[in-house]
Number of protein chains: 2
Amino acid sequence: MGLVVQKYGGSSVADAEGIKRVAKRIVEAKKKGNQVVAVVSAMGDTTDELIDLAEQVSPIPAGRELDMLLTAGERISMALLAMAIKNLGQEAQSFTGSQAGVITDSVHNKARIIDVTPGRIRTSVDEGNIAIVAGFQGVSQDSKDITTLGRGGSDTTAVALAAALDADVCEIYTDVDGVFTADPRVVKKARKIDWISFEDMLELAASGSKVLLHRCVEYARRYNIPIHVRSSFSGLPGTWVSNEPQGDQQVEHAIISGVAHDVSEAKVTVVGVPDKPGEAASIFRAIADAEINIDMVVQNVSAASTGLTDISFTLPKTDGKKATAALEKIKPSVGYASLRYDDQVAKISLVGAGMKTNPGVTAQFFEALSDAGVNIELISTSEIRISVVTRADDVKEAVQAVHSSFGLDSDSEEAVVYGGTGR
Amino acid sequence: MGLVVQKYGGSSVADAEGIKRVAKRIVEAKKKGNQVVAVVSAMGDTTDELIDLAEQVSPIPAGRELDMLLTAGERISMALLAMAIKNLGQEAQSFTGSQAGVITDSVHNKARIIDVTPGRIRTSVDEGNIAIVAGFQGVSQDSKDITTLGRGGSDTTAVALAAALDADVCEIYTDVDGVFTADPRVVKKARKIDWISFEDMLELAASGSKVLLHRCVEYARRYNIPIHVRSSFSGLPGTWVSNEPQGDQQVEHAIISGVAHDVSEAKVTVVGVPDKPGEAASIFRAIADAEINIDMVVQNVSAASTGLTDISFTLPKTDGKKATAALEKIKPSVGYASLRYDDQVAKISLVGAGMKTNPGVTAQFFEALSDAGVNIELISTSEIRISVVTRADDVKEAVQAVHSSFGLDSDSEEAVVYGGTGR
């Protein structure tokens, strides 16, 4: 018994039937003796439809007004969900992000939560209500304007509320059965993970796993809120993300947690950079000034004969044009030879805390790729992750080969994907 | 130049094109040097669609949650309107009812405004913005819950804001060119009224005219805010409603302002009521306890021979069943003979301050009806209004006959109805 925060994505509440199904699930949790707070996204395609409308009246909709518009989406789903719950005989109240005390900075369309003051939610659940809270939205501290949190915002709302309410668990309901050892759409024999540490989950999220976003896991780790990722369709136990496994949570694969891949990045190589102090700094200052987040960075030793080196990095494809433009601008001052831009690449990452104490992991990873005929273009490692960049065409073979090599394949094809993805 | 509050109904902002047309009109008002606050309803059928959704998840949606749901409608239209205005190069900010300081009581689905604290709106317009405000909604003083104002609520929002901001005028944009001497759908030669007093407008609204609701006119009279009712489609000057005509506002028909009709009421007759003190009181106490608002009440002298009298009254057809049930219940104690319920009636009213000093008006009214072969069933009068109840089938002939008799017909058929009606 305790306080449970649940989050339901847009695909779980896509229509009246979905809302009624979610209402039943929430009422079940309440009937088990829990206090329940449910965070909900906008119904199915509502957000896209509202963005379409916005573009019909204005080619570049203003940020403040776009946030005002989009937050209508959760308002509709949360009110309907509260009605559906009341129809099942339980008391329920819906709250906007602002009413729930989700305080953010003033960056419209991708605001960050800076505080949560859940007084009204606490009162509501203490009075016996199920509290339904709009995900994805808040109110800015300075201007009291309505803000939205950007991609994956509803998950962050749920974890932040769970932290502020000192909840026992934050349940993230989605359209898959949990976190898998690889993307089930790529690896049919991917296995559902019963338990994974915050650290490994953070690396998976940073490496392209889309079930939970990095920001949400980071928040949960900071406040030590266990996350339970599970399906709103099947109702099966899913994946626990926490500091330590609890009770009967299985920890089968101690060395490796999973294989992630990411085809959303491009590779930039700056060729023939003079190998002297300050040159690399100029390059990355130019990228930073263009407000581009880069991912992997690789520089090899320079050829002794020329005194020149090559610097490669990866970045979101969507920032590709901006990056090359920024680099062309500094070409005269840096004096590099040429620029290569390649968006036909994939990043494949192996994640697991166990690799710290198992020196053979790196070798086994490269052997598996080699056996599958996959060429490695870049390598980057952290304590608990190895990432390589390969050709985009090779991604499926590469992930499957690595998954098998580390004994992650399940005996059957168990993974099921039920619907789309929410926000 | 000064401060103008404008209100646009749902039919004016039914789609992206409508929103862009309204945006242009607002920008024109701003460019004339005015500060502009625009109150907007939900787009076209949005409210009906949301109610449909609510009924799919719950047969009787909870009031608090229904308000939360429906207020998403104005949120969408106001954000889109602000974007469209910014796209025309003017600064605009949208505000919810709560942000605009519309404070109401806690009666969900038909809340009353009890205060308006428009600090944020004042600041916004003083900074040079056009302020867009959600109509129809507010926030309850006690519980801080979102409320809606019920039918015609956006008009009331506009007038209340105009009063709180001490605006020069409240412009109500709608789908007709103004207030007419009769319903243009019934009387083709109905004439647009250039100016009408608050008092006459109140009587017209109470008698079935649907252009402005009683509550909104009452509010405007109390705070002496001139209303300008006009079309958002044609852009022509419409009807001014105020204490005194201004400048070149025409006051052609001093005696009679217009003819209104209402087919939404039913007539109840309690037959054979003992003519002694307290009997009528018992009857109307029973009706009041059932929370039914009655309109006309007529009791004639009792027949000396029997000591019994008949009491008739009219009430909304929608309350008919509730009323007869309440009266059946007190039949034993009151001892009346029988009950008659008739929903095939119409009320026809002649309104005009001039009738106070023109004793022939009543006679002319009855003669006109008689010449048209229309039988009168009930009569009720106020200082500036005469109402009769007739058969519903006679309503068209009756209204046309009275309209002609008092010289209200225009030379041409000028009235145009452009769309549906908003809320």
Side-chain angles (χ1 to χ4, degrees), chain A residues 13 15-23 42-43 46 49-50 52-88 91-96 98-99 120 123 129 132 134 139 143-146, chain B residues 13 15-23 42-43 46 49-50 52-88 91-96 98-99 120 123 129 132 134 139 143-146:
Chain A
V13 292
D15 52 21
E17 285 316 303
I19 285 170
K20 287 195 258 186
R21 190 183 60 241
V22 166
M43 293 169 75
T46 308
E49 288 164 15
L50 291 174
D52 276 357
L53 267 176
E55 285 169 353
Q56 282 178 49
V57 301
S58 174
I60 307 165
R64 178 188 188 277
E65 301 307 324
L66 190 60
D67 280 353
M68 187 67 99
L69 179 73
L70 295 184
T71 50
E74 292 85 37
R75 200 175 189 89
I76 292 170
S77 56
M78 76 187 195
L80 291 171
L81 187 52
M83 287 175 194
I85 290 170
K86 288 170 82 84
N87 195 42
L88 296 175
E91 286 306 312
Q93 289 185 315
S94 67
F95 296 92
T96 64
S98 171
Q99 290 176 334
R120 288 187 71 173
T123 304
N129 297 298
I132 312 296
V139 61
S143 61
K144 310 293 176 218
D145 283 328
I146 303 303
Chain B
V13 292
D15 52 20
E17 284 316 302
I19 285 170
K20 287 195 258 187
R21 189 184 59 240
V22 166
M43 293 169 74
T46 308
E49 288 165 16
L50 291 174
D52 276 357
L53 266 176
E55 285 170 354
Q56 282 178 49
V57 301
S58 173
I60 308 165
R64 178 187 188 278
E65 301 307 324
L66 191 59
D67 280 353
M68 188 67 99
L69 179 73
L70 295 184
T71 50
E74 292 85 37
R75 200 175 189 86
I76 293 169
S77 56
M78 76 187 194
L80 291 171
L81 187 52
M83 289 174 193
I85 289 170
K86 287 169 83 85
N87 195 43
L88 296 176
E91 286 306 312
Q93 289 186 315
S94 66
F95 297 91
T96 64
S98 171
Q99 289 176 335
R120 286 188 71 173
T123 304
N129 297 298
I132 312 296
V139 62
S143 60
K144 310 292 175 218
D145 284 328
I146 303 303

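Throughout, a chain's letter reflects where its sequence line sits, starting with A, and its residues are numbered from 1.
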Check your understanding: How close do Ser143(A) and Arg120(B) get, heavy atom to heavy atom, and via which atoms?
Key -> O-NH2, 3.4 Å

Practice item. Measure Ser77(B) against the heavy atoms of chain A and call it side chain, backbone, both or neither at under 4.5 Å. Key: neither

Review point. So, does Glu65(B) use its side chain to make a donor-acceptor pair with the main chain of Ser94(A) at under 3.5 Å?
Key: yes

Review point. With a 4.5 Å heavy-atom cut-off, do Ile76(A) and Met68(B) have their side chains touching?
Key: no

**Study point:** Minimum heavy-atom distance Met83(B)-Pro61(A), with the two atoms named
**Key:** SD-CB, 3.6 Å

**Study point:** Top contributor to chain A contacts, counting heavy-atom pairs under 4.5 Å, from Glu17(B), Lys86(B), Lys144(B)
**Key:** Lys144(B)

Point to revise | Main-chain N/O of Gln56(B) paired to Lys20(A) side chain as donor or acceptor, under 3.5 Å | key: yes

Exercise for review: Check each atom of Ser98(A) against the heavy atoms of chain B and say whether the ones under 4.5 Å are side chain, backbone, both or neither.
Suggested key: neither

**Study point:** Rounded distance (nearest 0.5 Å) linking atom CG of Leu80(B) with atom OG of Ser58(A)
**Key:** 9.5 Å

Check your understanding: Would Leu69(A) and Arg75(B) satisfy side chain to side chain contact (heavy atoms under 4.5 Å, CB included), going step by step from the backbone distance to the final call?
Key -> CA-CA 6 Å; Leu69(A) 179 73; Arg75(B) 200 175 189 86; over 6 Å; no

Revision key, fill the gap. Hits for salt bridge (Lys or Arg N to Asp or Glu O under 4.0 Å) against Glu49(B), two or more places apart or cross-chain, chain-then-number order -> none

Practice item. Using non-hydrogen atoms and a 4.5 Å limit, figure out which bit of Gln99(A) sits close to chain B: side chain, backbone, both or neither. Key: side chain

Point to revise | Structural part of Leu66(A) lying under 4.5 Å from a heavy atom of chain B | key: both

Check your understanding: Thr46(A) versus chain B, heavy atoms under 4.5 Å apart: side chain, backbone, both or neither?
Key -> neither

Practice item. Please report the shortest heavy-atom distance between Arg64(B) and Phe95(A), naming the atom on each side. Key: NH2-CE2, 3.6 Å

Point to revise | side chain to side chain contact (heavy atoms under 4.5 Å, CB included) between Val57(A) and Asn87(B), intermediate numbers included | key: CA-CA 8 Å; Val57(A) 301; Asn87(B) 195 43; over 6 Å; no

Revision key, fill the gap. Cut-off 4.5 Å, heavy atoms of chain A, and the answer for Ala92(B) is backbone

Review point. Any idea which of Ile60(A), Ile146(A), Ile19(A) has the most non-hydrogen atom pairs under 4.5 angstrom with chain B?
Key: Ile146(A)

